[in-house]
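Here is the structure we will look at, set down as structure tokens.
Chain letters run A, B, ... following the sequence lines, proteins first, then strands; residues in each count from 1.
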Amino acid sequence: MPRLRKIRRSFFDRSVHEVAPDLIGSLMLVNGVGGLVVEVEAYHHTDPAAHSYGGQTPRNGVMFGAPGFAYVYRSYGIHWCLNVVCEPQGSASAVLIRAIEPTAGIAAMQRRRGLTDPRALCSGPGKLAEAMAVTIAHNGLALDRPPFELREREAEPEIVAGPRIGITKAVDLPWRYGLKGSRFLSKPFKD
DNA sequence: TGGGCGATTCGCT
DNA sequence: GCGAATCGCCCAC
């Protein structure tokens, strides 16, 4: 397997609507555990569904900082969700990582998740955070340094888009992106 | 200081 | 398909 090019922090210094689809197919590892990104969602600061929409708070502070850093928050009081901050500093926009196709450290993920089916390990934002052991401790960490490792995809994949999941505002915006035909999505895309 | 809510998941029907 | 679990965050009081 050829050595994949490392994703630099400048990769994220672009519109979420460019970064989000460009992340599909890339390799994301945390302490060597992870796989290929197959599903993401874009959250723009002008978007009522974005955490940053109502202004800066202690929770979402990282979103207002520099691009290329991890924004981690707790969802429903139970799960952790991993985002990557995008766009020029201060625009408070991010991409939520929603699903990953496991390729590395599968045994560790199976142990953390308490199940073995590879398709169930990372098919949802809370699931992949648990499988990759992402917590609030990762909030604000740079994505181009350990424990994170991101590598560019080799070829341009076929990408599908659709409405985002689990939100109550701006529900019609088609800002969910996925790898076409992937069996590792949190939910199938409607054709 | 307190109540409502949420970028979810899982088990049960 | 539906609803409970579960708790940090945030704004109103």
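- Listed by first and then second residue, the salt bridge (charged side-chain N to carboxylate O under 4.0 Å, His left out) pairs that reach into residues 87-112 of chain A are E39(A)-R98(A), E41(A)-R98(A), sequence neighbours excluded.
- Scored by the salt bridge (charged side-chain N to carboxylate O under 4.0 Å, His left out) test, R183(A) finds no partners at all (sequence neighbours excluded).
- Residue pairs meeting the side chain to side chain donor-acceptor pair (under 3.5 Å) criterion with at least one member in residues 120-129 of chain A, sequence neighbours excluded, are S123(A)-K127(A).
- Reading DNA chain C from its 5' end, the first and the last nucleotide to sit under 4.0 Å from a heavy atom of chain A are dA5(C) to dC10(C).
- F11(A) carries R14(A) over the face of its six-membered ring, with the cationic atom under 6.0 Å from the centre and within 45° of the normal.
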Practice task
Let me have a per-nucleotide readout for nucleotides 5-13 of chain B, 5' to 3', with B, S or -, counting only protein heavy atoms under 4.0 Å.
Solution key: -BBBSS---

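- Qualifying salt bridge (charged side-chain N to carboxylate O under 4.0 Å, His left out) partners for R59(A), counting only residues two or more places apart in sequence or in other chains: none.
- Residues passing the ring-ring contact (aromatic ring centres under 6.0 Å, His included) test with Y73(A), sequence neighbours excluded: H51(A), Y71(A).
- With sequence neighbours excluded, no residue forms a salt bridge (charged side-chain N to carboxylate O under 4.0 Å, His left out) with D13(A).
- Qualifying salt bridge (charged side-chain N to carboxylate O under 4.0 Å, His left out) partners for R5(A), counting only residues two or more places apart in sequence or in other chains: E152(A).
- DNA chain C forms stems at B:1-6 with C:7-12, B:8-12 with C:1-5, each a run of 3 or more consecutive Watson-Crick or G-U wobble pairs whose two key distances fall under 3.5 Å.
- With sequence neighbours excluded, the residues that form a ring-ring contact (aromatic ring centres under 6.0 Å, His included) with H138(A) are F148(A).
- Listed by chain and number, the residues in a ring-ring contact (aromatic ring centres under 6.0 Å, His included) with H17(A) are W175(A) (sequence neighbours excluded).
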